[in-house]
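Written out below as structure tokens is the structure these notes cover.
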Amino acid sequence: MDPLRLETTTDTTIDARNRAARVAVLPVGSFEQHGPFLPLATDTVIACTIAQEIAAAHPVQLLPPVTISCSHEHAAWAGTVSISASTLYSVVRDIADSLRLSGVPRLVLVNGHGGNYVLANIVQESLGGMALFPGLPELLRARAAAGLRTSIDTDMHAGELETSILLHAHPELVKAGYETADSVADDRPHLLTLGVAAYTTSGVVGRPSLASAAKGKALLASLVESFAGYLTALDPGEP
């Protein structure tokens with residue numbers, strides 16, 4: 001699919017009415033550096049790709065993405081843009097409130113950026129009205145299914161997982177150089193205080209050289225399968 005189409009949906013209001021979904025899916029990405037070989041919109045592209053695969057397999061309403069979020073730890077690199085955690089909180093809460101008015105009572109946040117810590121608090125406060133996907137169990141299951149060789153701690157940013165998904169879904173977005181861009185920094189005790197630049201000069205934290213399109217395909221397939229449990233938890237009446 002054309003990556004430019006990722007930020008839109010083609011449903012009409014009649015389509016939405018006929019689908020009668022009780023759960024909406026909101027991709028939440030970011031606009032931040034991903035080393036010299038992946039685009040600034042990587043997290044948004046990945047979140048949208050996962051959400052679209054979910055919408056093709058499950059009875060949900062697909063929403064356009066939130067494209068800028070909390071990327072302050074990447075501020076040292078050109079192109080990175082952030083909003084505050086309080087702004088992201090307000091945007092997501094407003095979207096959830098609007099969905100309820102239009103008859104969709106539940107919302108799943110498909111988060112493509114690990115720095116969006118505030119999303120966990122929003123979900124916690126929703127008391128069953130929201131979910132955050134994927135969680136750690138789903139990520140670990142997907143990584144195992146795809147045969148990823150780096151650990152989840154090593155594979156922090158622009159590494160094996162992210163590069164693999166883009167090699168599969170949008171290979172035209174992956175520039176040359178990922179094959180030699182490995183940068184490992186497993187000891188990151190002051191990441192929130194000092195930012196990513198304290199632990200890498202390239203912006204990469206992981207081993208993108210191990211990425212492949214086949215791994216990206218397997219990752220997505222596993223995540224789509226895992227989503228069924230979230231749908232049941234949010235709306236037990238759904239098949």
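Predicted model only: the values in this text are computed from it and were never measured.
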Check: [X] side chain, [Y] main-chain N or O, donor-acceptor pair, under 3.5 Å:
X	Y	value
D15	T12	yes
N111	P27	no
E138	P134	no
S183	V204	yes
S226	S222	yes
T154	T150	no
D182	S209	yes
E53	A51	no
D11	A16	no
S82	H72	yes

Transitively linked via ILVMFWY side-chain contacts under 4.5 Å: [X] with [Y]?
X	Y	answer
V196	F31	no
V66	V104	yes
V91	L99	yes

Is the shortest heavy-atom distance from the side chain of [X] to the side chain of [Y] under 4.5 Å?
X	Y	value
L38	V174	yes
Y89	C70	no
L148	L210	no
L107	V23	no
V45	T42	no
V184	V205	no

Angle between ring planes, [X] versus [Y], binned at 30° and 60°: parallel, tilted or perpendicular?
X	Y	answer
F133	F227	perpendicular
Y178	F37	tilted
H74	W77	tilted

Inset, instruction - Under the side-chain contact (heavy atoms from CB on, under 4.5 Å) rule, what do M156 and D186 come out as? Steps first, then yes or no, please. - result: CA-CA 9 Å; M156 174 196 165; D186 288 347; over 6 Å; no

Legend entry - Non-hydrogen atoms of T49 and A169 that approach each other most closely: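 Heavy atoms only, the tightest pair is CG2-CB, 3.8 Å.
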
Inset, instruction - Specify the closest pair of heavy atoms between P59 and A21, including all atoms of both residues, with the distance to one decimal. - result: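 Scanning both residues, the minimum pair turns out to be O-CB, 4.0 Å.
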
Inset, instruction - Could you please spell out the steps behind the side-chain contact (heavy atoms from CB on, under 4.5 Å) verdict for L40 and H34? - result: CA-CA 6 Å; L40 294 162; H34 276 77; over 6 Å; no

Legend entry - For D155, the option from R207, K215, R143 that meets salt bridge (charged side-chain N to carboxylate O under 4.0 Å, His left out):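 For D155, the salt bridge (charged side-chain N to carboxylate O under 4.0 Å, His left out) test succeeds with only one of R207, K215, R143, which is R143.
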
Legend entry - Donor + acceptor pair across side chains of T87, S90 (<3.5 Å):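 S90 and T87 do not have a side-chain donor-acceptor pair below 3.5 Å.
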
Inset, instruction - Kindly check if the number of other-residue, nucleotide or ligand heavy atoms within 6.0 Å of CD (E125) is above 12? - result: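 Enclosed: over 12 neighbouring heavy atoms sit under 6.0 Å from CD of E125.
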
Legend entry - Salt bridge D235-R106, side-chain N to carboxylate O under 4.0 Å: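 The answer is no: the pair does not qualify as a salt bridge.
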
